[in-house]
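I'd like to ask you about the structure that follows.
Note that ligands are numbered from 1 as they come in the structure, with each ligand's atoms numbered from 1 the same way.
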Amino acid sequence: MYFDLENLPTQEKYKFLSALVIPRPVAFVTSQNPEGLHNAAPFSFFNMFSEEPAIVILGISHRPNGKSKDTINNIRSKQQFAINMVDKSIIGAMHIASADFPSDESEIDYAGITLMPCKQIDVMRIAEAPVSFECRVFQIIDLSDRRALILGEVLGIHLADRILDPITKRVIPEEYSPIARLYGNEYAWLGKRYSKAIPSIDEIHQLGLAAGDLPKD
Ligand SMILES: Cc1cc2nc3c(=O)[nH]c(=O)nc-3n(C[C@H](O)[C@H](O)[C@H](O)COP(=O)(O)O)c2cc1C
């Protein structure tokens, strides 16, 4: 089966792409409007793309009524935002915050989360989140009249002590389980892990396909 995207309606393109590029992590974004009101909303068109500079990217669409979302309005005006990663501790809050709140009403009051100051940006983060990234706008790319990409430069990272091994300074996999977005109303948790180093070219010459085998457990 093959689909030429030129012949697909926009909604179908969205459905295919978002159902096929899975799983996606969720950025629970906190931002602030010019009146000082904090906003929180989840975005799964999100990932990290560079470490020097440290860049994360969000894809934000317009609302179905054509108006822009509070998050992008706030980010455009303030040029700063925080990305809070979502695990079990704030998943209920994430669902509440995804509702279509009016701009003058804060999701935070309903979501049962606590805001805490950041260090380098004047926007609050979510205290209960396992990880928060302090970001400032690196670039905003308006792809069309319905979607924009926000490239955020990460200035600082807050990590809950429990997820970091104090000696190795590595994330403890059993303690960090961010949610994954699938499509529609579907989500997943990280499943079984496995470990496999990138094979060297010598290994491939020697072992052929066996160089791609997974370790038996
Ligand atoms: C898990 C999840 C992921 C979402 N991802 C996106 C996304 O990547 N881009 C987007 O524009 N909207 C996304 N949404 C919808 C927004 O969260 C929703 O439109 C929200 O009301 C926007 O709030 P705001 O107007 O306060 O910014 C997502 C919703 C959920 C529940």
How far is atom 5 (N) of ligand 1 from the closest protein heavy atom, and which atom is that?
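That would be Ser44 N, 2.9 Å.
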What do you reckon, does Asp70 have a nitrogen or oxygen under 3.5 Å from a nitrogen or oxygen of ligand 1?
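Yes: some nitrogen or oxygen of Asp70 is under 3.5 Å from one in ligand 1.
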Min heavy-atom dist Tyr187 to ligand 1 below 4.0 Å
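In this structure, Tyr187 qualifies as a contact of ligand 1 - some heavy atom is under 4.0 Å.
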Pair Ser31-Asp70, side-chain donor/acceptor within less than 3.5 Å:
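There is no such pair between these side chains.
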Does any N or O atom in Asn39 lie less than 3.5 angstrom from one in ligand 1, N or O only?
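Among all N and O atoms of Asn39, at least one is under 3.5 Å from an N or O of ligand 1.
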Distance-only N or O hit between ligand 1 and Ala40, under 3.5 Å:
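Ala40 vs ligand 1: no N/O contact under 3.5 Å.
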Please confirm whether Ser31 comes under 4.0 Å of ligand 1, counting heavy atoms of the residue only.
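Heavy atoms of Ser31 never come under 4.0 Å of ligand 1.
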Can you tell me how the ring of Phe101 sits relative to the ring of Tyr110, calling it parallel under 30°, perpendicular over 60° and tilted otherwise?
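Judged by the thresholds at 30° and 60°, the geometry between Phe101 and Tyr110 is tilted.
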Asn33 CG to Asn39 CG distance, which is reported to the nearest 0.5 Å
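Asn33 CG to Asn39 CG: 8.0 Å, rounded to 0.5 Å.
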Would you please test Arg76 and Asp142 for salt bridge (charged side-chain N to carboxylate O under 4.0 Å, His left out) and show each step?
CA-CA 11 Å; Arg76 281 190 206 276; Asp142 290 296; 2.6 Å; yes
If Ile, Leu, Val, Met, Phe, Trp and Tyr residues are connected whenever their side-chain heavy atoms lie under 4.5 Å apart, and connections chain through other members, are Leu182 and Ile179 in the same group?
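Different clusters.
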Within one Ile-Leu-Val-Met-Phe-Trp-Tyr cluster: Ile60 and Val154, side-chain cutoff 4.5 Å:
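Cluster IDs for Ile60 and Val154 match.
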Answer yes or no for Arg24: is there a heavy-atom contact with ligand 1 below 4.0 Å?
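Under 4.0 Å: no for Arg24.
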Same cluster or not: Ile75 versus Leu37, using hydrophobic residues (I, L, V, M, F, W, Y) connected whenever any side-chain heavy atoms lie under 4.5 Å apart?
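No, Ile75 does not connect to Leu37 through the hydrophobic network.
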For Ile126, is there any backbone N or O sitting under 3.5 Å from a side-chain donor or acceptor partner on Asn84?
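The answer is yes, because a donor-acceptor pair under 3.5 Å joins these two groups.
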Heavy-atom nearest neighbour of atom 15 (C) of ligand 1 within options Arg147, Lys69, Arg146, Met94
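Result: the heavy atom closest to atom 15 (C) of ligand 1 is in Lys69.
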Find the distance between CD (Glu186) and CD1 (Ile22) and round it off to the nearest 0.5 Å.
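Answer rounded to 0.5 Å: 10.0 Å.
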Among protein heavy atoms, which lies nearest atom 8 (O) of ligand 1, and at what distance?
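Of every protein heavy atom, Phe45 N, 2.8 Å lies nearest to atom 8 (O) of ligand 1.
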Quick check on contacts: which atoms of ligand 1 are under 4.0 angstrom from a heavy atom of Ala99?
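That gives atoms 21 (O) of ligand 1.
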Out of all atoms in ligand 1, which are within 4.0 Å of some heavy atom of Arg63? Include the element for each.
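Near Arg63, the atoms of ligand 1 are 25 (O).
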Close N or O approach (Thr71, ligand 1; < 3.5 Å):
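Yes, there is a polar N/O contact under 3.5 Å.
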Pick whichever of Pro42, Ala97, Ser98, Ala41 has a heavy atom sitting closest to atom 17 (O) of ligand 1.
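Of the listed residues, Pro42 has the closest heavy atom.
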Sort and list the pairs that fulfil ring-ring contact (aromatic ring centres under 6.0 Å, His included) and have at least one residue in residues 22-44, not counting sequence neighbours.
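Every candidate ring-ring contact (aromatic ring centres under 6.0 Å, His included) pair involving residues 22-44 fails, so no pair, neighbours aside, qualifies.
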What protein heavy atom lies closest to atom 2 (C) of ligand 1? Include the residue and the distance to one decimal.
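That would be Arg181 NH1, 3.2 Å.
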Check ligand 1 against Glu107 and write out every atom of the ligand that is under 4.0 Å from a heavy-atom position of the residue.
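Going through ligand 1 atom by atom, the ones under 4.0 Å from Glu107 are 26 (O).
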Whichever hydrophobic residues join Leu151 through chains of side-chain contacts under 4.5 Å
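Direct or chained contacts put Leu151 with Phe49, Ile55, Ile57, Phe138, Ile141, Leu143, Leu149.
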Are any of the N or O atoms of Ile60 closer than 3.5 Å to those of ligand 1?
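Not met; the criterion fails.
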Is it true that His62 lies under 4.0 Å from ligand 1, counting heavy atoms only?
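Per 4.0 Å heavy-atom rule, His62 does not contact ligand 1.
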